[in-house]
Amino acid sequence: MTMIRCISPVNGEVYAERPAMPLELAKQAVAHARLAQKSWAKRPLDERVKLVLAGVARLNEMVDEVVPELAWQMGRPVRYGGEFKGFNERSNYVASIAADALKPLVVEESDRFERRIEREPHGVVFVVAPWNYPYMTAINTVAPALMAGNTVILKHASQTILVGERMVRAFVEAGVPADVFQNLFLDHETTAALIAARSFDFINFTGSVEGGRSIERAAAGTFTGLGLELGGKDPGYVMADADLDAAVDTLMDGATYNSGQCCCGIERIYVHESLYDAFVEKSVAWVSNYKLGNPLDPETTLGPMANKRFAATVRNQIADAVSKGAKALIDPKRFPEDDGGAYLAPQILVDVDHSMEFMREETFGPAVGIMKVKSDAEAIELMNDSQYGLTASLWTKDAERAASIGRELETGTVFMNRADYLDPALCWTGVKETGRGGSLSMLGFHNLTRPKSYHLKKVTA
Ligand code: NAP
(Lines give C-alpha, C1' and ligand atoms only; values in the text may rest on other atoms or scores of the structure.)
Protein backbone atom coordinates (compact mmCIF):
# COMPACT_ATOMS: atom_id res chain seq x y z
CA MET A 1 0.00 0.00 0.00
CA THR A 2 1.40 3.43 -0.97
CA MET A 3 1.51 5.86 1.93
CA ILE A 4 1.29 9.63 1.51
CA ARG A 5 3.51 11.29 4.09
CA CYS A 6 4.00 14.70 5.61
CA ILE A 7 7.58 15.14 6.81
CA SER A 8 7.46 17.94 9.36
CA PRO A 9 9.87 20.82 8.81
CA VAL A 10 9.95 21.30 12.59
CA ASN A 11 12.05 18.18 13.25
CA GLY A 12 12.38 16.35 9.90
CA GLU A 13 10.25 13.42 11.09
CA VAL A 14 7.04 11.92 9.71
CA TYR A 15 4.24 13.95 11.28
CA ALA A 16 1.29 12.30 9.54
CA GLU A 17 0.64 9.66 6.91
CA ARG A 18 -2.38 8.27 5.13
CA PRO A 19 -2.76 5.39 2.66
CA ALA A 20 -3.18 6.53 -0.94
CA MET A 21 -6.63 5.62 -2.22
CA PRO A 22 -6.70 2.93 -4.93
CA LEU A 23 -8.16 4.02 -8.28
CA GLU A 24 -11.28 1.85 -8.03
CA LEU A 25 -12.22 3.30 -4.65
CA ALA A 26 -11.53 6.82 -5.90
CA LYS A 27 -13.85 6.21 -8.85
CA GLN A 28 -16.57 5.10 -6.45
CA ALA A 29 -16.11 8.28 -4.43
CA VAL A 30 -16.49 10.35 -7.61
CA ALA A 31 -19.64 8.36 -8.51
CA HIS A 32 -21.10 9.23 -5.09
CA ALA A 33 -20.25 12.88 -5.65
CA ARG A 34 -22.00 12.79 -9.02
CA LEU A 35 -25.10 11.22 -7.56
CA ALA A 36 -25.23 13.70 -4.69
CA GLN A 37 -24.78 16.71 -6.96
CA LYS A 38 -28.29 16.74 -8.44
CA SER A 39 -30.05 16.98 -5.09
CA TRP A 40 -27.45 19.42 -3.71
CA ALA A 41 -28.02 21.74 -6.68
CA LYS A 42 -31.79 21.57 -6.16
CA ARG A 43 -31.51 22.96 -2.66
CA PRO A 44 -32.17 26.71 -2.48
CA LEU A 45 -29.04 28.83 -2.84
CA ASP A 46 -29.37 30.41 0.59
CA GLU A 47 -29.47 26.95 2.16
CA ARG A 48 -26.22 25.96 0.43
CA VAL A 49 -24.61 29.25 1.39
CA LYS A 50 -25.68 28.81 5.03
CA LEU A 51 -24.29 25.27 5.16
CA VAL A 52 -20.94 26.35 3.73
CA LEU A 53 -20.71 29.19 6.24
CA ALA A 54 -21.63 26.74 9.01
CA GLY A 55 -18.68 24.58 7.88
CA VAL A 56 -16.42 27.63 8.03
CA ALA A 57 -17.71 28.44 11.52
CA ARG A 58 -17.15 24.84 12.66
CA LEU A 59 -13.56 25.00 11.42
CA ASN A 60 -13.08 28.20 13.42
CA GLU A 61 -14.10 26.27 16.53
CA MET A 62 -11.17 23.93 15.87
CA VAL A 63 -8.62 26.74 16.07
CA ASP A 64 -6.72 25.19 18.99
CA GLU A 65 -6.00 22.08 16.94
CA VAL A 66 -5.62 23.75 13.53
CA VAL A 67 -2.91 26.23 14.49
CA PRO A 68 -0.29 23.84 15.94
CA GLU A 69 -1.16 21.25 13.29
CA LEU A 70 -0.29 23.80 10.60
CA ALA A 71 2.98 24.63 12.36
CA TRP A 72 3.93 20.96 12.38
CA GLN A 73 2.92 20.38 8.77
CA MET A 74 4.36 23.42 7.01
CA GLY A 75 6.12 25.57 9.59
CA ARG A 76 3.76 28.53 10.04
CA PRO A 77 4.53 30.15 13.40
CA VAL A 78 1.67 29.70 15.86
CA ARG A 79 1.80 33.41 16.76
CA TYR A 80 0.01 34.16 13.44
CA GLY A 81 -3.02 32.11 14.49
CA GLY A 82 -3.36 30.04 11.31
CA GLU A 83 -5.06 31.40 8.21
CA PHE A 84 -8.41 32.20 9.73
CA LYS A 85 -8.49 35.90 8.86
CA GLY A 86 -8.25 35.39 5.10
CA PHE A 87 -10.18 32.13 5.20
CA ASN A 88 -13.15 33.79 6.88
CA GLU A 89 -12.92 37.00 4.86
CA ARG A 90 -13.03 35.13 1.56
CA SER A 91 -15.82 32.77 2.63
CA ASN A 92 -17.99 35.62 3.91
CA TYR A 93 -17.38 37.75 0.86
CA VAL A 94 -18.25 35.06 -1.67
CA ALA A 95 -21.34 34.25 0.40
CA SER A 96 -22.39 37.91 0.20
CA ILE A 97 -22.19 38.03 -3.62
CA ALA A 98 -23.40 34.51 -4.45
CA ALA A 99 -26.99 35.51 -5.24
CA ASP A 100 -25.92 38.39 -7.45
CA ALA A 101 -23.19 36.44 -9.22
CA LEU A 102 -25.46 33.49 -9.97
CA LYS A 103 -28.62 35.36 -10.93
CA PRO A 104 -29.84 35.01 -14.53
CA LEU A 105 -28.85 37.61 -17.06
CA VAL A 106 -32.24 38.66 -18.38
CA VAL A 107 -32.20 39.91 -21.96
CA GLU A 108 -35.94 40.09 -22.56
CA GLU A 109 -39.04 39.46 -20.50
CA SER A 110 -41.97 40.54 -22.61
CA ASP A 111 -45.38 39.27 -23.72
CA ARG A 112 -43.66 37.59 -26.66
CA PHE A 113 -40.38 36.29 -25.31
CA GLU A 114 -38.38 35.25 -22.32
CA ARG A 115 -34.68 35.35 -23.17
CA ARG A 116 -32.10 34.91 -20.49
CA ILE A 117 -28.80 33.29 -19.60
CA GLU A 118 -28.85 31.19 -16.43
CA ARG A 119 -25.82 29.83 -14.59
CA GLU A 120 -25.69 26.09 -13.97
CA PRO A 121 -23.18 24.28 -11.78
CA HIS A 122 -20.60 22.27 -13.71
CA GLY A 123 -21.26 19.10 -11.68
CA VAL A 124 -18.30 17.56 -9.85
CA VAL A 125 -15.46 20.02 -9.25
CA PHE A 126 -11.98 18.70 -8.45
CA VAL A 127 -9.77 20.95 -6.31
CA VAL A 128 -6.03 20.23 -6.14
CA ALA A 129 -4.49 22.43 -3.45
CA PRO A 130 -0.96 23.43 -2.42
CA TRP A 131 0.62 23.49 1.04
CA ASN A 132 1.76 27.12 1.24
CA TYR A 133 -1.57 28.61 2.37
CA PRO A 134 -3.36 25.31 2.58
CA TYR A 135 -6.71 26.53 3.92
CA MET A 136 -6.96 29.80 2.02
CA THR A 137 -6.00 28.40 -1.39
CA ALA A 138 -8.50 25.58 -0.99
CA ILE A 139 -11.40 27.73 0.21
CA ASN A 140 -11.03 30.08 -2.81
CA THR A 141 -12.65 27.37 -4.90
CA VAL A 142 -14.33 25.05 -2.39
CA ALA A 143 -16.69 27.71 -0.98
CA PRO A 144 -18.00 29.23 -4.24
CA ALA A 145 -18.09 25.83 -5.98
CA LEU A 146 -20.33 24.37 -3.27
CA MET A 147 -22.45 27.50 -3.04
CA ALA A 148 -23.01 27.36 -6.81
CA GLY A 149 -24.39 23.81 -6.54
CA ASN A 150 -21.37 21.71 -7.45
CA THR A 151 -20.10 18.83 -5.38
CA VAL A 152 -16.39 19.01 -4.59
CA ILE A 153 -13.59 16.47 -4.38
CA LEU A 154 -10.48 17.86 -2.72
CA LYS A 155 -6.98 16.47 -3.11
CA HIS A 156 -4.61 18.28 -0.79
CA ALA A 157 -0.82 18.48 -0.89
CA SER A 158 1.15 15.71 0.83
CA GLN A 159 2.92 18.35 2.93
CA THR A 160 -0.42 19.45 4.41
CA ILE A 161 -2.12 16.10 4.28
CA LEU A 162 -4.34 16.74 7.30
CA VAL A 163 -5.85 19.97 5.96
CA GLY A 164 -8.33 18.45 3.50
CA GLU A 165 -9.39 15.86 6.04
CA ARG A 166 -9.99 18.56 8.65
CA MET A 167 -11.90 20.86 6.29
CA VAL A 168 -14.22 18.06 5.28
CA ARG A 169 -14.71 16.99 8.90
CA ALA A 170 -15.72 20.55 9.82
CA PHE A 171 -18.12 20.91 6.89
CA VAL A 172 -19.75 17.52 7.42
CA GLU A 173 -20.13 18.12 11.17
CA ALA A 174 -21.83 21.41 10.23
CA GLY A 175 -24.38 19.60 8.05
CA VAL A 176 -22.89 19.47 4.53
CA PRO A 177 -23.73 15.96 3.23
CA ALA A 178 -20.69 13.67 3.19
CA ASP A 179 -20.88 12.95 -0.57
CA VAL A 180 -21.15 16.66 -1.38
CA PHE A 181 -17.67 17.53 -0.10
CA GLN A 182 -15.07 14.77 0.05
CA ASN A 183 -11.35 14.70 0.70
CA LEU A 184 -9.39 11.96 -1.07
CA PHE A 185 -5.78 10.96 -0.46
CA LEU A 186 -4.52 10.55 -4.00
CA ASP A 187 -1.09 9.96 -5.49
CA HIS A 188 -0.15 11.57 -8.79
CA GLU A 189 -0.88 8.49 -10.93
CA THR A 190 -4.38 8.04 -9.54
CA THR A 191 -5.04 11.77 -9.88
CA ALA A 192 -4.00 11.67 -13.54
CA ALA A 193 -6.00 8.49 -14.19
CA LEU A 194 -9.17 10.03 -12.72
CA ILE A 195 -8.75 13.16 -14.79
CA ALA A 196 -8.05 11.20 -17.98
CA ALA A 197 -11.17 9.10 -17.32
CA ARG A 198 -13.21 12.30 -17.46
CA SER A 199 -14.30 11.97 -13.87
CA PHE A 200 -14.63 15.71 -13.28
CA ASP A 201 -16.56 18.54 -14.87
CA PHE A 202 -14.13 21.24 -13.78
CA ILE A 203 -10.68 21.19 -12.21
CA ASN A 204 -9.05 23.92 -10.19
CA PHE A 205 -5.32 23.32 -9.74
CA THR A 206 -3.21 25.61 -7.59
CA GLY A 207 0.48 24.80 -7.52
CA SER A 208 3.68 24.75 -9.51
CA VAL A 209 4.02 25.27 -13.25
CA GLU A 210 5.24 21.68 -13.63
CA GLY A 211 2.25 20.37 -11.67
CA GLY A 212 -0.07 22.48 -13.84
CA ARG A 213 1.48 21.03 -16.98
CA SER A 214 0.89 17.47 -15.69
CA ILE A 215 -2.75 18.24 -14.99
CA GLU A 216 -3.22 19.80 -18.42
CA ARG A 217 -1.61 16.76 -20.03
CA ALA A 218 -3.84 14.38 -18.05
CA ALA A 219 -6.91 16.36 -19.10
CA ALA A 220 -5.93 16.56 -22.78
CA GLY A 221 -8.78 15.51 -25.03
CA THR A 222 -11.34 15.26 -22.22
CA PHE A 223 -12.52 18.86 -22.66
CA THR A 224 -12.61 19.24 -18.89
CA GLY A 225 -12.53 22.92 -17.90
CA LEU A 226 -9.34 23.90 -16.10
CA GLY A 227 -8.43 26.74 -13.77
CA LEU A 228 -4.66 26.83 -13.32
CA GLU A 229 -3.18 29.07 -10.62
CA LEU A 230 0.54 28.56 -10.86
CA GLY A 231 3.86 30.09 -9.88
CA GLY A 232 4.97 33.70 -9.78
CA LYS A 233 8.00 35.98 -9.63
CA ASP A 234 6.19 39.09 -8.54
CA PRO A 235 7.94 42.46 -8.83
CA GLY A 236 7.74 45.64 -6.78
CA TYR A 237 8.63 49.02 -8.26
CA VAL A 238 9.44 51.93 -5.95
CA MET A 239 9.22 55.29 -7.70
CA ALA A 240 10.97 58.48 -6.62
CA ASP A 241 7.79 59.89 -5.03
CA ALA A 242 7.02 56.77 -2.98
CA ASP A 243 6.44 56.74 0.77
CA LEU A 244 9.75 55.05 1.52
CA ASP A 245 8.95 53.60 4.95
CA ALA A 246 5.62 52.21 3.83
CA ALA A 247 7.27 50.69 0.74
CA VAL A 248 9.99 49.02 2.81
CA ASP A 249 7.49 47.73 5.34
CA THR A 250 5.04 46.22 2.85
CA LEU A 251 7.54 44.95 0.30
CA MET A 252 9.79 43.29 2.89
CA ASP A 253 6.77 41.74 4.55
CA GLY A 254 5.57 40.61 1.09
CA ALA A 255 8.98 39.09 0.38
CA THR A 256 9.44 37.20 3.62
CA TYR A 257 6.12 36.54 5.38
CA ASN A 258 5.27 32.83 5.53
CA SER A 259 9.01 32.29 4.87
CA GLY A 260 8.46 33.78 1.43
CA GLN A 261 6.18 30.90 0.46
CA CYS A 262 3.41 32.93 -1.08
CA CYS A 263 2.34 32.76 -4.71
CA CYS A 264 2.15 36.56 -4.79
CA GLY A 265 5.19 37.10 -2.57
CA ILE A 266 7.55 39.85 -3.69
CA GLU A 267 10.60 38.22 -5.30
CA ARG A 268 12.30 41.16 -7.07
CA ILE A 269 12.29 44.87 -6.37
CA TYR A 270 13.23 47.75 -8.66
CA VAL A 271 13.93 51.05 -6.91
CA HIS A 272 14.44 54.48 -8.43
CA GLU A 273 18.08 55.49 -8.08
CA SER A 274 17.18 58.49 -5.89
CA LEU A 275 15.77 56.19 -3.17
CA TYR A 276 17.87 53.11 -3.77
CA ASP A 277 20.49 53.43 -1.00
CA ALA A 278 17.95 54.39 1.66
CA PHE A 279 15.57 51.63 0.56
CA VAL A 280 18.29 48.98 0.77
CA GLU A 281 19.53 50.18 4.16
CA LYS A 282 16.03 50.23 5.69
CA SER A 283 15.18 46.85 4.16
CA VAL A 284 18.22 45.20 5.73
CA ALA A 285 17.25 46.65 9.12
CA TRP A 286 13.63 45.49 8.66
CA VAL A 287 14.54 41.91 7.78
CA SER A 288 17.15 41.66 10.54
CA ASN A 289 14.37 41.96 13.11
CA TYR A 290 13.02 38.50 12.38
CA LYS A 291 13.27 35.80 14.98
CA LEU A 292 13.85 32.54 13.11
CA GLY A 293 12.97 29.41 15.03
CA ASN A 294 10.60 26.65 16.01
CA PRO A 295 7.10 27.66 14.78
CA LEU A 296 5.54 26.27 17.96
CA ASP A 297 7.40 28.89 20.02
CA PRO A 298 5.16 31.99 20.32
CA GLU A 299 8.26 34.22 20.08
CA THR A 300 9.12 32.91 16.59
CA THR A 301 8.25 35.31 13.77
CA LEU A 302 9.90 33.34 10.93
CA GLY A 303 9.41 29.59 10.84
CA PRO A 304 11.28 26.97 8.85
CA MET A 305 10.46 26.52 5.18
CA ALA A 306 7.88 23.78 4.66
CA ASN A 307 10.46 21.25 3.53
CA LYS A 308 14.25 21.16 3.47
CA ARG A 309 13.95 20.46 -0.29
CA PHE A 310 12.40 23.94 -0.78
CA ALA A 311 15.10 25.58 1.36
CA ALA A 312 17.77 23.84 -0.73
CA THR A 313 16.32 25.47 -3.88
CA VAL A 314 16.58 28.90 -2.26
CA ARG A 315 20.15 28.27 -1.06
CA ASN A 316 21.19 27.07 -4.52
CA GLN A 317 19.69 30.11 -6.22
CA ILE A 318 21.42 32.46 -3.75
CA ALA A 319 24.79 30.67 -4.14
CA ASP A 320 24.49 30.79 -7.92
CA ALA A 321 23.69 34.52 -7.90
CA VAL A 322 26.58 35.26 -5.51
CA SER A 323 28.95 33.26 -7.71
CA LYS A 324 27.87 35.54 -10.58
CA GLY A 325 28.53 38.78 -8.68
CA ALA A 326 25.51 39.34 -6.43
CA LYS A 327 26.09 40.60 -2.90
CA ALA A 328 24.25 39.07 0.08
CA LEU A 329 23.47 41.76 2.66
CA ILE A 330 22.18 39.74 5.60
CA ASP A 331 24.90 38.37 7.83
CA PRO A 332 24.10 34.69 8.48
CA LYS A 333 25.56 35.05 12.01
CA ARG A 334 22.51 37.15 12.83
CA PHE A 335 20.45 33.93 12.42
CA PRO A 336 22.27 31.09 14.20
CA GLU A 337 19.10 28.97 13.96
CA ASP A 338 19.76 28.54 10.20
CA ASP A 339 20.60 24.82 10.22
CA GLY A 340 21.39 24.27 6.55
CA GLY A 341 18.09 22.35 6.34
CA ALA A 342 14.53 23.66 6.51
CA TYR A 343 15.45 26.55 8.87
CA LEU A 344 16.65 29.27 6.54
CA ALA A 345 17.71 32.85 7.31
CA PRO A 346 16.08 35.61 5.26
CA GLN A 347 18.30 37.22 2.64
CA ILE A 348 18.52 40.35 0.51
CA LEU A 349 20.67 40.35 -2.61
CA VAL A 350 21.93 43.43 -4.47
CA ASP A 351 24.14 43.70 -7.57
CA VAL A 352 21.74 41.24 -9.17
CA ASP A 353 20.63 41.14 -12.80
CA HIS A 354 18.29 39.13 -14.99
CA SER A 355 20.99 36.74 -16.18
CA MET A 356 20.72 35.13 -12.73
CA GLU A 357 18.25 32.34 -12.04
CA PHE A 358 17.50 34.10 -8.73
CA MET A 359 15.89 36.96 -10.67
CA ARG A 360 14.08 34.76 -13.20
CA GLU A 361 12.90 31.52 -11.57
CA GLU A 362 10.44 31.36 -8.71
CA THR A 363 12.44 31.34 -5.45
CA PHE A 364 9.50 30.77 -3.06
CA GLY A 365 11.59 31.54 -0.01
CA PRO A 366 12.47 34.48 2.27
CA ALA A 367 14.95 36.00 -0.15
CA VAL A 368 14.60 38.97 -2.48
CA GLY A 369 16.74 40.79 -5.05
CA ILE A 370 16.87 44.60 -5.30
CA MET A 371 17.92 46.47 -8.45
CA LYS A 372 18.39 50.18 -9.15
CA VAL A 373 16.43 51.73 -12.06
CA LYS A 374 16.51 55.14 -13.72
CA SER A 375 13.06 55.39 -15.34
CA ASP A 376 9.55 53.96 -15.59
CA ALA A 377 10.43 52.54 -19.00
CA GLU A 378 13.37 50.58 -17.58
CA ALA A 379 11.27 49.33 -14.66
CA ILE A 380 8.43 48.24 -16.96
CA GLU A 381 10.83 46.34 -19.20
CA LEU A 382 12.37 44.55 -16.22
CA MET A 383 9.03 43.77 -14.59
CA ASN A 384 7.79 42.23 -17.84
CA ASP A 385 11.01 40.29 -18.37
CA SER A 386 9.59 37.15 -16.75
CA GLN A 387 7.80 33.98 -17.74
CA TYR A 388 5.33 34.65 -14.91
CA GLY A 389 2.66 37.28 -14.30
CA LEU A 390 0.59 37.18 -11.11
CA THR A 391 0.87 40.58 -9.39
CA ALA A 392 2.99 43.72 -9.59
CA SER A 393 3.29 46.23 -6.74
CA LEU A 394 3.80 49.90 -7.67
CA TRP A 395 4.86 52.52 -5.13
CA THR A 396 3.98 56.13 -5.92
CA LYS A 397 1.66 58.90 -4.78
CA ASP A 398 0.37 59.30 -8.34
CA ALA A 399 -2.57 56.98 -9.08
CA GLU A 400 -2.70 58.03 -12.74
CA ARG A 401 0.93 57.16 -13.23
CA ALA A 402 0.38 53.77 -11.56
CA ALA A 403 -2.64 53.07 -13.77
CA SER A 404 -0.71 54.02 -16.87
CA ILE A 405 2.24 51.80 -15.90
CA GLY A 406 -0.26 49.08 -14.99
CA ARG A 407 -1.59 49.10 -18.55
CA GLU A 408 1.91 48.24 -19.77
CA LEU A 409 2.41 45.36 -17.36
CA GLU A 410 1.90 41.70 -18.21
CA THR A 411 0.27 40.70 -14.94
CA GLY A 412 -2.96 39.48 -13.33
CA THR A 413 -3.18 42.19 -10.64
CA VAL A 414 -1.73 45.71 -10.41
CA PHE A 415 -1.28 46.96 -6.85
CA MET A 416 -0.50 50.54 -5.87
CA ASN A 417 0.99 51.03 -2.40
CA ARG A 418 0.16 47.53 -1.31
CA ALA A 419 1.22 43.98 -2.09
CA ASP A 420 0.74 40.31 -1.31
CA TYR A 421 -3.01 40.42 -0.67
CA LEU A 422 -5.96 38.66 -2.27
CA ASP A 423 -8.98 40.92 -2.42
CA PRO A 424 -11.94 38.53 -2.64
CA ALA A 425 -13.92 41.13 -4.59
CA LEU A 426 -11.34 41.10 -7.39
CA CYS A 427 -10.54 38.31 -9.79
CA TRP A 428 -7.44 36.30 -8.81
CA THR A 429 -5.80 35.50 -12.09
CA GLY A 430 -2.46 35.30 -13.85
CA VAL A 431 -0.89 35.54 -17.27
CA LYS A 432 1.87 33.64 -19.07
CA GLU A 433 3.06 30.61 -17.06
CA THR A 434 1.17 31.76 -13.98
CA GLY A 435 -1.79 30.04 -15.56
CA ARG A 436 -5.28 30.82 -16.68
CA GLY A 437 -8.79 31.24 -15.43
CA GLY A 438 -9.67 33.22 -12.35
CA SER A 439 -11.03 32.66 -8.89
CA LEU A 440 -12.87 34.75 -6.29
CA SER A 441 -15.07 37.74 -7.25
CA MET A 442 -18.17 37.50 -9.46
CA LEU A 443 -15.98 36.06 -12.20
CA GLY A 444 -14.90 33.21 -9.93
CA PHE A 445 -18.54 32.15 -9.68
CA HIS A 446 -18.86 32.38 -13.44
CA ASN A 447 -15.88 30.07 -13.87
CA LEU A 448 -17.44 27.51 -11.53
CA THR A 449 -20.70 27.44 -13.48
CA ARG A 450 -21.64 27.25 -17.12
CA PRO A 451 -24.03 29.47 -18.99
CA LYS A 452 -27.33 28.04 -20.23
CA SER A 453 -29.44 30.09 -22.58
CA TYR A 454 -33.24 30.11 -22.44
CA HIS A 455 -35.05 31.34 -25.53
CA LEU A 456 -38.77 30.98 -24.84
CA LYS A 457 -41.26 32.19 -27.41
CA LYS A 458 -44.72 32.66 -26.00
CA VAL A 459 -47.75 31.45 -27.89
CA THR A 460 -50.32 34.17 -28.19
CA ALA A 461 -53.83 32.90 -28.98
P1 NAP B 1 2.93 21.49 -6.44
O2 NAP B 1 4.08 20.64 -6.08
O3 NAP B 1 2.63 21.68 -7.89
O4 NAP B 1 1.67 20.82 -5.72
C5 NAP B 1 0.39 21.42 -5.71
C6 NAP B 1 -0.66 20.34 -5.58
O7 NAP B 1 -0.66 19.59 -6.79
C8 NAP B 1 -0.39 19.33 -4.48
O9 NAP B 1 -1.63 18.85 -4.01
C10 NAP B 1 0.35 18.22 -5.22
O11 NAP B 1 0.26 16.98 -4.60
C12 NAP B 1 -0.38 18.22 -6.54
N13 NAP B 1 0.42 17.77 -7.68
C14 NAP B 1 1.62 18.25 -8.07
N15 NAP B 1 2.02 17.61 -9.19
C16 NAP B 1 1.05 16.72 -9.48
C17 NAP B 1 0.89 15.73 -10.52
N18 NAP B 1 1.82 15.55 -11.45
N19 NAP B 1 -0.22 15.00 -10.51
C20 NAP B 1 -1.15 15.16 -9.55
N21 NAP B 1 -1.07 16.06 -8.55
C22 NAP B 1 0.01 16.82 -8.52
O23 NAP B 1 3.01 22.91 -5.79
P24 NAP B 1 3.33 23.24 -4.27
O25 NAP B 1 4.79 23.08 -4.09
O26 NAP B 1 2.41 22.48 -3.39
O27 NAP B 1 2.91 24.76 -4.17
C28 NAP B 1 3.76 25.80 -4.44
C29 NAP B 1 3.49 26.36 -5.82
O30 NAP B 1 2.14 26.77 -5.90
C31 NAP B 1 4.31 27.59 -6.12
O32 NAP B 1 4.77 27.53 -7.43
C33 NAP B 1 3.30 28.72 -5.95
O34 NAP B 1 3.60 29.88 -6.68
C35 NAP B 1 2.06 28.07 -6.45
N36 NAP B 1 0.87 28.75 -5.95
C37 NAP B 1 0.17 29.53 -6.81
C38 NAP B 1 -0.95 30.23 -6.37
C39 NAP B 1 -1.71 31.16 -7.30
O40 NAP B 1 -2.73 31.65 -6.86
N41 NAP B 1 -1.27 31.39 -8.52
C42 NAP B 1 -1.34 30.11 -5.03
C43 NAP B 1 -0.60 29.31 -4.18
C44 NAP B 1 0.51 28.62 -4.66
P45 NAP B 1 1.48 16.38 -3.76
O46 NAP B 1 1.76 17.32 -2.67
O47 NAP B 1 0.96 15.08 -3.27
O48 NAP B 1 2.65 16.26 -4.71
Side-chain angles (χ1 to χ4, degrees), residues 232-258 260 262-290 318 321 326-330 346-356 358-360 362-386 388-423 434:
K233 187 80 192 166
D234 289 1
Y237 171 34
V238 182
M239 298 172 222
D241 69 337
D243 177 335
L244 183 62
D245 289 329
V248 168
D249 192 41
T250 302
L251 291 174
M252 284 304 121
D253 186 65
T256 54
Y257 187 72
N258 207 34
C262 178
C263 53
C264 55
I266 296 292
E267 299 222 347
R268 48 201 178 106
I269 301 175
Y270 308 100
V271 184
H272 188 263
E273 55 188 356
S274 61
L275 291 183
Y276 178 81
D277 289 340
F279 183 89
V280 169
E281 189 186 324
K282 282 172 186 270
S283 295
V284 169
W286 196 100
V287 164
S288 300
N289 279 331
Y290 266 123
I318 291 174
K327 197 164 147 206
L329 296 183
I330 304 292
Q347 190 51 274
I348 292 174
L349 296 188
V350 291
D351 298 341
V352 285
D353 63 51
H354 280 213
S355 70
M356 299 167 183
F358 182 77
M359 293 299 279
R360 304 192 68 84
E362 188 171 37
T363 303
F364 222 55
V368 64
I370 309 180
M371 276 174 78
K372 190 187 289 185
V373 291
K374 285 189 165 59
S375 65
D376 288 353
E378 186 185 1
I380 291 167
E381 195 179 325
L382 286 166
M383 283 191 276
N384 284 341
D385 181 28
S386 172
Y388 302 106
L390 185 56
T391 78
S393 171
L394 307 178
W395 289 80
T396 174
K397 295 191 177 77
D398 184 343
E400 249 177 60
R401 183 175 173 192
S404 141
I405 293 172
R407 282 190 283 277
E408 304 285 322
L409 294 178
E410 295 153 7
T411 189
T413 295
V414 177
F415 288 118
M416 184 180 84
N417 301 331
R418 70 179 313 174
D420 190 19
Y421 170 68
L422 263 78
D423 179 345
T434 295

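By convention here, the first residue in the shown sequence is residue 1. A quick note: this is a predicted structure, and the numbers were derived from the prediction, not measured. Atom set for the values below is all heavy atoms of this structure, side chains included, hydrogens, waters and symmetry mates excluded.
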Give the intermediate values and the outcome of side-chain contact (heavy atoms from CB on, under 4.5 Å) for residues L390 and T413.
CA-CA 6 Å; L390 185 56; T413 295; over 6 Å; no
Can you list the steps and then say if M252 with F279 is a side-chain contact (heavy atoms from CB on, under 4.5 Å)?
CA-CA 10 Å; M252 284 304 121; F279 183 89; 4.2 Å; yes
Using the side-chain contact (heavy atoms from CB on, under 4.5 Å) rule, take E408 and D376 through it: C-alpha gap first, then chi angles, then the decisive distance, then the call.
CA-CA 10 Å; E408 304 285 322; D376 288 353; over 6 Å; no
Start with the C-alpha gap between V284 and I330, add the side-chain angles, then the distance that decides, and say whether side-chain contact (heavy atoms from CB on, under 4.5 Å) holds.
CA-CA 7 Å; V284 169; I330 304 292; 4.0 Å; yes
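Between Y270 and H354, the shortest heavy-atom contact is OH-NE2, 2.7 Å. Of all the heavy atoms in Y421 and C264, the pair that sits closest is N-SG, 4.2 Å. When all heavy atoms of F358 and G369 are compared, the closest pair comes out as CE2-N, 3.5 Å. Here the closest heavy-atom approach between residue I266 and residue S393 is recorded as CD1-CB, 4.0 Å. The two atoms that bring V414 and A402 nearest to each other are CG1-O, 4.5 Å, heavy atoms only. Between L275 and M239, the shortest heavy-atom contact is CD1-O, 3.3 Å.
Atom OG of S288 sits about 7.0 Å away from atom CD1 of I348, to the nearest 0.5 Å. Atoms CG and CD, from D234 and E267 in turn, are 7.5 Å apart once rounded to the nearest 0.5 Å. Atom-to-atom distance recorded for L349:CG and L329:CG is 7.5 Å, nearest 0.5 angstrom. Going from atom CE of M356 over to atom CD1 of I318 covers 12.5 Å, rounded to the nearest 0.5 Å. We find the NZ-CG distance between K397 and N417 to be 8.5 Å, quoted to the nearest 0.5 Å. The distance from the CZ atom of F415 to the CG atom of L251 is 11.0 Å, given to the nearest 0.5 Å.
Contact check for L382 versus Y237: no side-chain heavy atoms found under the 4.5 Å cut-off. Here the side chains of M383 and L394 are in contact, with some heavy-atom distance below 4.5 Å. Put simply, the side chain of N384 reaches to within 4.5 Å of the side chain of L409, judged on heavy atoms. Looking only at side-chain heavy atoms (C-beta outward), M371 and R268 stay at 4.5 Å or farther from each other.
Residues passing the side chain to side chain donor-acceptor pair (under 3.5 Å) test with D398: none are found, sequence neighbours excluded.
For residues 241-257, the set of pairs meeting the side-chain hydrogen bond (donor to acceptor under 3.5 Å, both in side chains) definition, not counting sequence neighbours, comprises D241-T396, D245-K282, D249-W286, T256-Y290. Sorted by first and then second residue, the side-chain hydrogen bond (donor to acceptor under 3.5 Å, both in side chains) pairs with a member in residues 365-375 form an empty list; sequence neighbours excluded.
Although no hydrogens or angles enter the test, the distance criterion places a donor-acceptor pair under 3.5 Å between the side chain of T434 and the main chain of G389.
For the 3.5 Å distance criterion, the side chains of T363 and K233 qualify, holding a donor opposite an acceptor.
Summarising the local packing, CD of E381 is surrounded by 12 or fewer heavy atoms from other residues, nucleotides or ligands at distances under 6.0 Å.
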